[in-house]
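Notes for the one structure printed next.
Keep in mind that this is a model prediction, so the values were computed, not measured. Residues take their numbers from the sequence shown, with the count starting at 1.
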Amino acid sequence: MTNLIQTLRQHCATLLILSLTSIALVGCKSVATNDTVDYKSAGAVRGPNLSYPPDLITAQADRRYIVQDGSATMSEYNAAVKKSVQTRKNVMTGIPGMRIERDGERRWLVVDKPAPELYPQIKDFWQENGFLLTIDSPSTGIMETDWAENRAKIPQDFIRQALGGALDSIYDTGERDRYKTRLEVSKPNQTEIFITQRGAIEKCVSDNSGACNSTIWTSRPNDPELEAAFLARLMERLGMTQEMAKAQVAVPLGAKTPKAKLVQEGVNTAHIEMAAGFDRAWRDTGLALDRSNFTVEDRNRANGVYYVRYVNPKDLGDTKGFFSNLFSSKDDSSLKAKKYLVVVKSTGDNSSSIYVQDADGKPENTAAGLQLLTLLTEQMSR
């Protein structure tokens with residue numbers, strides 16, 4: 001009997017070694033490169049998405065432009081993306097007059113092409129990088145990705161390299177990112193492209209003993225280097241060589257200059273003053289909105305107005321758990337999100353003012369209006 005048990009153990013050990021060897025051979029294909037971003041796993045089979053924060057709310061996008069959840073397989077999704085890319089492959093050429101502009105830690109891309117020509121190429125770019133779009137609005141020049149995990153942040157130790165392909169779902173960074181792209185027409189046949197990142201991190205909720213009872217998703221600071229990485233990739237996608245794109249992005253950032261000052265006139269009456277002309281004030285306001293918990297529904301540059309929705313995270317509360325928040329049939333965003341007008345006015349060649357108004361265009365002289373101006377000032381001063 002003892003000999004039989006020993007024989008069975010030897011056979012089991014042999015099978016285990018063979019299995020691990022086989023898995024390691026598969027896993028070798030998934031060893032990460034030195035790249036700093038890898039969101040390729042973001043497009044798993046679409047169903048209830050368990051990998052992104054429950055919000056960090058955005059308003060409902062126009063359903064005509066959303067990649068719908070459903071029973072479609074990943075192979076069908078990839079086939080659709082491949083077909084879309086193939087239809088444009090023959091007309092893709094390098095674009096002259098493409099350059100990176102910068103102001104402090106902010107970078108954006110300027111391309112000498114009309115926005116309608118660039119929009120479908122940029123949409124393909126995000127899909128090729130493993131993202132699904134939750135907002136896809138050619139009429140406003142705005143697109144936003146779903147929450148996704150940057151797999152490049154997972155440590156590549158020996159076990160991970162050997163078994164990564166088979167045990168990929170076990171590894172999790174506890175971080176998620178989403179990206180917003182906004183196309184702005186600065187002058188005829190010239191487009192400014194802004195990419196802004198928002199991040200979330202999963203944190204433990206501990207009891208009195210210090211044990212982790214549950215986790216919640218909270219915002220984490222914006223990462224300008226992730227934005228720069230995707231700007232470089234986009235430049236490559238539009239026809240620039242990798243070396244030239246990286247060289248442009250790698251140019252040292254300029255010194256920070258005073259941006260915005262919150263001027264409080266009464267208890268809840270305030271506005272922002274900027275020592276900058278309208279063009280710069282308009283651009284900085286747009287970037288501040290993109291990097292905050294605002295959803296820009298529309299904008300009118302001629303009148304200096306951004307039409308936005310804002311959800312105060314404090315209004316959402318944290319009484320519900322992660323999964324109940326995620327799968328709740330109640331649409332909290334429709335109840336909590338409020339509409340505002342953010343108005344940029346020129347007051348001179350090198351001065352501008354920014355105001356917040358309610359949905360009817362009246363001054364928002366409330367605590368909420370003051371809070372919005374405070375948030376914008378903080379973003380503009382970075």
Side-chain angles (χ1 to χ4, degrees), residues 32 36-44 47-59 105 130-132 134 144-157 159-160 164 167-180 195-230 288-295 309-333 335-337 371-372 374-376 378-379 381-382:
T36 58
V37 290
D38 174 20
Y39 294 91
K40 286 296 184 182
S41 62
N49 189 341
L50 304 183
S51 65
Y52 62 84
D55 233 69
L56 309 171
I57 297 292
T58 57
E105 69 174 17
F131 290 92
L132 298 174
T134 59
E144 188 167 10
T145 72
D146 202 352
W147 291 100
E149 181 183 29
N150 185 0
R151 305 294 288 178
K153 289 189 174 183
I154 296 177
Q156 297 298 308
D157 55 24
I159 296 177
R160 165 68 180 155
L167 302 178
D168 214 36
S169 61
I170 295 177
Y171 292 86
D172 194 297
T173 63
E175 296 182 3
R176 299 293 183 269
D177 301 296
R178 76 187 313 170
Y179 294 86
K180 178 180 288 186
I195 293 177
T196 50
Q197 174 264 354
R198 288 179 60 203
I201 187 168
E202 193 173 17
K203 292 186 176 181
C204 277
V205 177
S206 303
D207 58 19
N208 294 333
S209 66
C212 182
N213 283 338
S214 61
T215 61
I216 59 172
W217 289 95
T218 60
S219 296
R220 76 175 196 273
N222 164 265
D223 188 343
E225 295 310 311
L226 283 175
E227 297 170 353
F230 277 107
L289 290 169
D290 289 345
R291 286 183 169 180
S292 304
N293 200 33
F294 293 89
T295 297
R309 277 180 173 270
Y310 176 72
V311 177
N312 187 343
K314 294 180 180 179
D315 291 340
L316 298 176
D318 55 2
T319 57
K320 294 190 294 183
F322 174 75
F323 290 105
S324 60
N325 255 323
L326 189 60
F327 297 113
S328 173
S329 60
K330 182 180 177 181
D331 185 2
D332 285 337
S333 64
L335 298 176
K336 301 295 184 180
Q371 181 187 19
L372 301 191
T374 302
L375 289 172
L376 289 176
E378 291 173 354
Q379 284 291 343
S381 300
R382 291 179 179 177

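No side-chain heavy atom of Y179 sits less than 4.5 Å from a side-chain heavy atom of T196.
In this structure a side-chain-to-backbone donor-acceptor pair under 3.5 Å is missing from R309 to T295.
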Show me the donor-acceptor pairs, under 3.5 Å and distance only, between side chains in residues 201-208 and residues at least two apart or in other chains.
from, atom 1, to, atom 2, distance (Å)
E202, OE2, T215, OG1, 2.8
D207, OD1, S209, N, 3.0
D207, OD1, S209, OG, 2.7
D207, OD1, G210, N, 3.1
D207, OD1, A211, N, 3.0
D207, OD2, S209, OG, 3.4

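Here T173 contributes atom OG1 and E149 contributes atom CD; the two are 3.5 Å apart, rounded to the nearest 0.5 Å. Atom CG of L372 and atom CG of L289 lie 9.5 Å apart (nearest 0.5 Å). To the nearest 0.5 Å, atoms CH2 (W147) and CG (D177) are separated by 7.5 Å. One finds the NZ atom of K180 at 10.0 Å from the CZ atom of F294 (value rounded to the nearest 0.5 Å). Atom-to-atom distance recorded for L132:CG and E144:CD is 13.0 Å, nearest 0.5 angstrom.
Q379 and S292 get closest at one heavy-atom pair: CG-OG, 3.3 Å. The two residues W217 and G174 come nearest to each other via the heavy atoms CZ3-O, 3.7 Å.
Qualifying side-chain hydrogen bond (donor to acceptor under 3.5 Å, both in side chains) partners for E227, counting only residues two or more places apart in sequence or in other chains: N222, R291. N150 pairs by the side-chain hydrogen bond (donor to acceptor under 3.5 Å, both in side chains) definition with nothing, not counting sequence neighbours.
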Item to check | side chain to side chain contact (heavy atoms under 4.5 Å, CB included) evaluation trace for Y39 with T145 | outcome: CA-CA 11 Å; Y39 294 91; T145 72; over 6 Å; no

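Side chains of Q197 and D223: no donor on one and acceptor on the other come within 3.5 Å.
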